[in-house]
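Contents: one structure, followed by commentary.
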Amino acid sequence: MTVIKRKTNFYGYGTPLEVLKNGQKIGQVRSEKSFQFQGNPGDKIQVKQFLLRSKEYEISANENLKVTSNSNFFLIGIFLFVILIVFSALKMSLLGIGVLVLAYFGFYLTHLNTAFIISKEE
């Protein structure tokens, strides 16, 4: 059996992550809980929550895995949001604010599959 444990701290605490094996949903895992499934070598595991995903992780055998939040993903998003608010408060030109809005959403759209990280549990 392969076990995946969710250690994602506060982010999405109340909502479970869907567990996908080879692109098909096989279950879900809540914060600080585990999910067991039958995994074969070469299976690709991924988790998702709404639009946010992890990269696929290829299992080699029965493994103990953990899912964590990618703190860089969230910190960069918060940083861009704060810059947007500050520049808005400083009455920056609409063009400048528009560029920041595009950068904010562009970052998230191009990094949706890096919100969570699957790795071997140590």
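The shown structure was predicted, so the numbers you read here are calculated from the model rather than taken from an experiment.
- Thr15 and Arg6 make their closest contact through O-NH1, 2.8 Å (heavy atoms, listed as atom of the first residue, atom of the second, distance).
- The shortest non-hydrogen separation linking Pro16 to Arg30 is CD-NH1, 3.5 Å.
- Nearest heavy-atom pair across Pro41 and Ala61 is CG-CA, 4.4 Å.
- Atom NZ of Lys66 is separated from atom OG of Ser119 by 4.5 Å, given to the nearest 0.5 angstrom.
- Within the model, atoms CG of Leu80 and CD1 of Ile85 stand 12.0 Å from one another, a figure rounded to the nearest 0.5 Å.
- Under a 3.5 Å cut-off, the side chain of Asn113 and the backbone N or O of Lys55 do not form any donor-acceptor pair.
- Annotation: side-chain hydrogen bond (donor to acceptor under 3.5 Å, both in side chains) contacts of Lys5 (sequence neighbours excluded): none.
- Remark: Gln24 pairs with no residue by the side-chain hydrogen bond (donor to acceptor under 3.5 Å, both in side chains) rule, at least two apart or across chains.
- Rounding to the nearest 0.5 Å places OH of Tyr108 at 10.0 Å from OG1 of Thr114.
- For the atom pair OG of Ser69 and CG of Leu17, the computed distance is 8.0 Å after rounding to the nearest 0.5 Å.
- In terms of the ring pair (Phe, Tyr, Trp, His ring centres under 6.0 Å) criterion, residue partners of Phe107 (sequence neighbours excluded) are, by chain and number, Phe73, His111.
- Looking at residues two or more places apart in sequence or on another chain, you find a salt bridge (Lys or Arg N to Asp or Glu O under 4.0 Å) between Lys44 and Glu58.
- For the atom pair Tyr104 OH and Ile76 CD1, the distance stands at 12.5 Å (nearest 0.5 Å).
- Put simply, OH on Tyr57 and CG on Asp43 are 12.5 Å apart, with the number rounded to the nearest 0.5 Å.
- Using cut-offs of 30° and 60° on the angle between ring planes, the pair Phe37 and Phe35 is parallel.
- Judged by distance alone, the side chain of Gln46 and the main-chain N or O of Leu20 form no donor-acceptor pair under 3.5 Å.
- A distance-only check finds no donor-acceptor pair linking the side chain of Thr2 to the backbone of Gln38 [under 3.5 Å].
- The two atoms that bring Phe74 and Ala115 nearest to each other are CE1-O, 3.8 Å, heavy atoms only.
- Residues passing the side-chain hydrogen bond (donor to acceptor under 3.5 Å, both in side chains) test with Gln28: none are found, sequence neighbours excluded.
- Among the candidates Val19, Ile118, Ile117, Ile45, the single residue satisfying the side-chain contact (heavy atoms from CB on, under 4.5 Å) test with Val67 is Ile118.
- The only option from Val29, Leu65, Val3 that meets the side-chain contact (heavy atoms from CB on, under 4.5 Å) definition with Ser34 turns out to be Val3.
- Glu121 meets the salt bridge (Lys or Arg N to Asp or Glu O under 4.0 Å) test with Lys7; sequence neighbours excluded.
- Placement of Phe116 and Leu51 within a single hydrophobic cluster is found when ILVMFWY residues are connected by side-chain heavy-atom separations under 4.5 Å, directly or transitively.
- Looking at every heavy atom in both residues, Ile59 comes nearest to Gly39 through CD1-CA, 3.6 Å.
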